[in-house]
Each structure stands twice: as structure tokens, then as C-alpha cells.
Amino acid sequence: MAEQITPRADDYGQWYQDVIRAAKLAETSPVRGSMVMPPNGYELWENMRDGLDGMFKATGHRNAYFPLFIPKSFLEKEAEHVEGFAKECAVVTHYRLKEEGGELIVDPDAELDEPLVVRPTSETIIWDTYSRWIQSWRDLPLKLNQWANVVRWEMRTRLFLRTAEFLWQEGHTAHATEQEAVDETRQMLDVYADFAQDWMAMPVIRGVKTASERFPGAVDTYCIEALMQDGKALQAGTSHFLGQNFARAFDCTFQNQDNEPEYVWATSWGVSTRLIGALIMTHGDDAGVIMPPRLAPVQVAIVPITRKNGDNEAVMDAARQMRDDLVADGVRVVLDDRDQYRPGWKFAQYEVEGVPVRLAVGPRDVENGTAEMARRDSGDKEAVSQREIAAHVRRALHEVQQGLYDRALAFRQQHTHTADTYDAFKAQIEEGGFVLMHWDGTAETEAQVKEETKATIRCVPFPGQFSGVDTEAPGTDPVSGAPSAGRVVFARAY
RNA sequence: CGGGGCGUAGCGCAGCUCGGUAGCGCGCCUGCUUUGGGAGCAGGAGGUCGUGGGUUCGAAUCCCGCCGCCCCGACCA
């Protein structure tokens, strides 16, 4: 029997888990909060990684690798950074096990002189390194990225959205001037926003975090925020302007052109496997996940329909010819010739896994020189010519990519509202979605709203992102009655 | 850390109240018939019932301890 997927309307959280399991994107593992990623999930991540990596390189970054283990003392050097991460660090204190009474125990004689922290993020080890690499203004800018795993011992975990170990990239750059570092921070935020929109087909809001939501150790944290189908917001990527905080903590200076020592200006930015969770909750439906074609591990599945007494060779020949044509055209395609599953089973399974375009070819099609092409997003089917299959598939993939984006954008627009009174705000927050409301800029008001409504300020948005709403226009904070410089984006968030 | 739930075959579960030597569905293996939307029949393999102790002639079942996982909150990407 089929994998059961709970309808979204019944229980969105359960739907999310069901979809991940049924589409074989991830599984829980024996260790709390850590996940196994089967090929369906990992290939999706690989495609995200490749897309982003190309964009990083196009903006002048190079990849490097820094160690998993960080001396505990490094984490003590930046006060806010310690404060932010100390509570969720995995720590290695020993380097050997031994057998005692038939079981393995930690050898008490093998204690490390200094405990090692499993990186929750790599600012400290990287800035320790940078302090040795950077001597002169000629060494700047230094723009590196690393693809890595990090560990944060979270209290409560959720597949992809918050796992104890996750895969991510972290960019770390060093600059001679404040302006250059700020420009870098903003540029990388734009890279993330472009990636979300052009690759993931996921519209995002760009903005800056309030002080209370800022990255530990950052001067400013910029972010992209997406809206999930259940009306909750998800922080999908962050780009931090770190000022000279880490340079000071790790004594990283350079000599400027006037032969004077100066502290280096820094940025860091990252996105993680959380993006997979964002993708699932942006596009999925009650039948399963829907992969945006640009990222889909399998873009096209070809299902041959054979018959006991039919001319199966002709069907298979047609299927193989289409596969070859599509491969030649650079399409990621599988020809599913497994005979232990019937066509209906395969149709259902590819829908669960979110393959954007499906082709079916049977005896009738062979006669007509056609194939049945079905779109995952709309369910639309049409008969297309086998001979021009590559062109038809290209068009369909493009339409699915665009269709997913349009649908997600329309959803976000329908679930974005303004509120001018606190009561209206509370009602709107209960409905879900983004709520644009004036804010007096104080942490007190922000905390009060969070306490009373569970909504947080997702960001202070950049101008011009909401049609018909000028978020820059001054007004009055309806919560405190104090003057406000503009509207900010509130939502309940993951 | 608070609240709730659950550990029995690969997966999902029943059996436990009322102790008597373990069962169902899916999956898996073999064969035959099937194949244009999650096939049918027949046969078959597979389990120290999370773990340690206790009660008992006898424990998946009763009692005590421990471990783990999931969900909801607080905290966080």
C-alpha cells in the first residue's frame, strides 16, 4: 500500500514529516536531532550547493576548509559570540575508549588538556587563521567560503529546519574598509535572494534584523525571510556585517597604505540544509513534495507502459530514444524500466518525490508517435511528439519553474497585510502571514509583542518590496503610541 | 527543562486491563496471472517483545530502576 501523507489542512507539522519520509529526503537517525540524507535529499542539496557555489565564485570568492574542532579557548575571545553559542556546543574531552568489564568506557587517562568544541560556526578558527594570513592592505580583501557540517546542540529539533548537525556553507571575508565590508554583506544577501527566487522558485523579503535577533558578535545581520504555507515565516539565509569585533578578538590587523596598523573589517554569511525545509513548505502539496526543475535531482521520469502480449520492444525503443534525446539536451532524466512496479505505482511515487515532469509512453503512443507529458505542479497532461521531446520538456520545465514561483508569490501577497491598531495586528497574526506594522524601534515594544502574540520582527525590510505599501513612511507605533520611522515585518516564525 | 506519547519482524501497529510460550497490515523471497493511475492468487522467510532487576511453576503482559526516540512548549539557523 501507499505511503500515507497527512493532508496539510489536518496537521501541517505531520504533513511535513510525512512528506519527508515518503519522498525519501531524510530520516531520523539513532542520535537525537541528527539525520540521514538518502540520495533524494542529498542530491537536492548537491544541486543547491552547485548553484550557490557558482554564484559565490562569480562574485570573487574561493573555497577553503577549516577544521571541525575548535579549542575551547577560541570561543571565549568574543564576548557576545560566547554568549550566543556556549549553551549549545558539543564538546570533546577525551580521545580514547577502553574495554572494562566487557563494555567500552571512556578512558579516564585519555583526557584532553584543553577540551575541543565541535564547531557551531567557524568565525573563531577562521579569524585565528586570518590574523596570521593578513599583514598588509595588499592581502585584502580576503574572500573565502567553506562547505561544511556544523553542530548545535538544540533543545528541540526538526528535520532540515533545525537539526543538531547540519550541512551549510559559511562565507568569511576580510576587508580594509567598513564600506567595502558592508557592500559585501549586502551583495551576498542579494546572491541569496536571487538564488531563492531563481533556483528555488521561492520569493523572499530582504531586510535587516533587529538587535535582539542579530547574530552573536555581529554589528548588523541582514536576512532573507520566506513565508511558509501554514503562515509561519522562515529565516532562509543570513549575511552578517561583523564590524571589527572578530578582528579585535583575534588581533587581526593590517598595515594600511600610510603604514599604520588597522583592524580588519569582517563579514560572514550562510545558508544551510534548512533551505530544503523551506523548499518543501513553499511548494509541497497533499500528494508530496514538488521540486523546482532547476534543483530537482530528477527532472523527468519516463514510465514505459508495457503489455504482456504487446510490442514491448517498440515501447522500450521509444522510451530509450526520448531518454537519449533528453540526456543530450542536458536534462536530468530517468527511464524507469523496473518491471516489479506497475505504471500507476510509478506515477504515484514520482508525484510523492516531486519530479516536475513525467512522460508516459505505451503502445498507443508508439502508434501515434507521441508521449503523455504530465506536469507535477498543475497535474496537466498533454500528448506531445516524441520527435520533438526535448523542446517540449524544456518548455514544460520552464513553465513549472515559473509556475511554482508565481504561485508562491501570489500566496505570499495574499498573506501579507498591514495593521494600524494593535487589535487588528493580533487578529491578523492569528490568521498567519506577514504583518506590516509600525514599530517605535525599541526592544521593549518588540519584546512585548513577542510575549503577547508570539510574533517576532522578522526584519526591517529594504524599501520597495511591498506593492502599495511604503514601509519607509513614518507613523505611530500602535503598541506604544510612540513615533515610528516605518513599518517592519512581523510574523510567527519557525 | 516542563507537558504528552511511544519502544513487540525492515516499516506501521495489535496483544498488556484479566500472566500460559507472539499476531496483523505493508514491505521482502518464490511461482503463476497481470501492467494507460498505488494489481491478484498461492506458497514462504523473518522477532533474545528497548534494557537491568524483582514477583511467579511460568512475564511482551504485574512491580521497581535505567536508557532511548517522537510530538507540543520555553531557547535557537
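Lettering follows sequence order; numbering is per chain, from 1. Every heavy atom of this structure was used, including side-chain atoms; hydrogens, water molecules and symmetry mates were not.
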Contact between Phe434(A) and His415(A) at the side-chain level, heavy atoms closer than 4.5 Å - yes or no? no
In whole angstrom, what separates [X]'s [atom1] from [N]'s [atom2]?
| X | N | atom1 | atom2 | answer |
| --- | --- | --- | --- | --- |
| Asp336(A) | G38(B) | CG | P | 16 Å |
| Ile276(A) | A77(B) | CD1 | C1' | 14 Å |
| Arg21(A) | C69(B) | CZ | P | 20 Å |
| Tyr341(A) | A39(B) | OH | C1' | 14 Å |
| Asp11(A) | C71(B) | CG | C1' | 9 Å |
| Arg492(A) | G73(B) | CZ | C1' | 13 Å |
| Gln340(A) | G38(B) | CD | C1' | 14 Å |
| Tyr494(A) | A74(B) | OH | P | 14 Å |

What is the nucleic acid contact for [X], judged by heavy atoms within less than 4.0 Å: base, sugar-phosphate only, or nothing?
| X | answer |
| --- | --- |
| Thr221(A) | nothing |
| Leu161(A) | base |
| Lys381(A) | base |
| Asp339(A) | nothing |
| Arg338(A) | nothing |
| Phe166(A) | base |
| Glu351(A) | base |
| Glu154(A) | base |

Glu154(A) backbone acceptor or donor facing Glu88(A) side chain under 3.5 Å: no
Give a yes or no on whether a salt bridge exists between Arg375(A) and Asp377(A), defined as a side-chain N under 4.0 angstrom from a carboxylate O. yes
Using the [atom1] atom in both, what is the distance from [N] to [M], to the nearest Å?
| N | M | atom1 | value |
| --- | --- | --- | --- |
| G47(B) | G36(B) | P | 36 Å |
| U8(B) | C49(B) | C1' | 4 Å |
| G10(B) | C28(B) | C1' | 8 Å |
| A60(B) | A22(B) | P | 10 Å |
| C16(B) | C62(B) | P | 9 Å |

Atom pair CD/NZ of Glu353(A) and Lys24(A) - distance to nearest 0.5 Å: 5.5 Å
Tell me whether the side-chain N/O atoms of [X] come closer than 4.0 Å to OP1 or OP2 in [N].
| X | N | result |
| --- | --- | --- |
| Arg156(A) | G73(B) | yes |
| Arg342(A) | A39(B) | yes |
| Gln14(A) | C71(B) | no |

Searching all strands shown, indicate the nucleotide that pairs with G7(B) (Watson-Crick or G-U wobble; both distances under 3.5 Å). C67(B)
Given that both distances must come in under 3.5 Å, which nucleotide forms a Watson-Crick or G-U wobble pair with A39(B)? U33(B)
Please state whether the base of G37(B) and the side chain of Arg358(A) form at least one donor-acceptor pair under 3.5 Å? yes
Geometric class of the Phe250(A)/Phe246(A) ring pair [parallel <30°, tilted 30-60°, perpendicular >60°]: parallel
Please work out whether the ring planes of Phe490(A) and Phe425(A) are parallel, tilted or perpendicular, with thresholds of 30° and 60°. perpendicular
Find out whether the Lys NZ or Arg CZ of Lys346(A) is both under 6.0 angstrom from the six-membered ring centre of Tyr341(A) and within 45° of the ring's axis. no
